[in-house]
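Following: one structure in structure tokens, then a few remarks.
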Amino acid sequence: MRQRAVRDQQRLDSGVGISARDLANLQSEVVSLAKRQGDLEDVVLEVMERLEAATERVTELTERVSALEAKVADATERRDTATAEIDAEAAKVTKDREVIVTSMPADLMALYEKIRVKQGGVGAARLYQRRCEGCRLELDMAEVNEIKAAPRDQVVRHENCGRILVRTADSGI
């Protein structure tokens, strides 16, 4: 379009061998081409502004993605560390349990396992301030008196849930 406008302007400026009517048509065409060129330049400017805005948005989103990826990496590292700690603790507890189980009488362990299976994983519960920590119920005075009368090495069970009660200094008995 620019080449055509330059060529028409040169013909118009030279004016050689062109009729008045053709000169008027050329002049009208040069004005029309100039207007068209101005419109196209406006469109190009608008597209360039939109491209600049889109580029800025892409940069912003890329930075946000990088920040989120860093957060995900940090969370993954913390999760893996916590998992390793839990696994180590579970291994220690399992080892400690094995040592305790081997030192316990077989009939007591059989009773514990039977209760544990029946009670959904908890076969023995601490007796804390006259309350069974297995079922969270407070023992009545008759049960408390029976437990007090029982020898310290006797296995006592909660009448309500059937769990083995583990007596400690803070049992209140």
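Computed from heavy atoms alone, side chains included, the values below leave out hydrogens, waters and symmetry copies. Count residues from 1 along the sequence.
In this structure, the separation between CD1 on Ile147 and CD on Gln154 is 10.0 Å, given to the nearest 0.5 Å. Atom OH in Tyr128 sits 5.5 Å away from atom CG in Asp170 (nearest 0.5 Å). Rounding to the nearest 0.5 Å places CG of Asp80 at 11.5 Å from CD of Glu85. Summarising the geometry, atom CG belonging to Leu51 is positioned 10.0 Å from atom CD belonging to Glu56; distances are rounded to the nearest 0.5 Å. Once rounded to the nearest 0.5 Å, the distance linking CD of Glu146 with CD of Glu159 reads 5.5 Å. Rounded to the nearest 0.5 Å, atoms CE (Met48) and CD (Glu41) are 11.0 Å apart.
Nearest heavy atom pair, residue Cys135 against residue Asn160, reads SG-ND2, 3.9 Å.
Looking at Arg57 and Glu60, a side-chain N of the basic residue comes within less than 4.0 Å of a carboxylate O on the acidic one, giving a salt bridge. Between Arg116 and Glu113 there is a salt bridge, with a side-chain nitrogen of the basic residue lying less than 4.0 Å from a carboxylate oxygen of the acidic one.
When side chains are defined from C-beta on, Cys132 does not count as touching Leu137, because their heavy atoms never get closer than 4.5 Å. Using a 4.5 Å cut-off on side-chain heavy atoms (C-beta onward), Arg126 and Thr168 make contact.
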Residue pair Val156, Leu127: steps toward the side chain to side chain contact (heavy atoms under 4.5 Å, CB included) verdict: CA-CA 10 Å; Val156 292; Leu127 179 60; over 6 Å; no
Working for side chain to side chain contact (heavy atoms under 4.5 Å, CB included), residues Val122 and Glu133: CA-CA 10 Å; Val122 180; Glu133 296 261 310; over 6 Å; no
Derivation and outcome, side chain to side chain contact (heavy atoms under 4.5 Å, CB included), residues Ile164 and Leu111: CA-CA 9 Å; Ile164 298 170; Leu111 174 64; 4.2 Å; yes
Audit row: Met104, Ile100, side chain to side chain contact (heavy atoms under 4.5 Å, CB included) steps and yes/no: CA-CA 6 Å; Met104 301 299 285; Ile100 293 170; 4.1 Å; yes
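A donor-acceptor pair under 3.5 Å is formed between the side chain of Asn145 and the backbone N or O of Met141. Between the side chain of Arg163 and the backbone N or O of His158, no donor-acceptor pair lies under 3.5 Å. With hydrogens and angles disregarded, no donor-acceptor distance shorter than 3.5 Å links the side chain of Ser32 to the backbone of Ser28.
Val155 pairs with exactly one of Leu108, Val166, Leu165 by the side-chain contact (heavy atoms from CB on, under 4.5 Å) rule, that one being Leu108.
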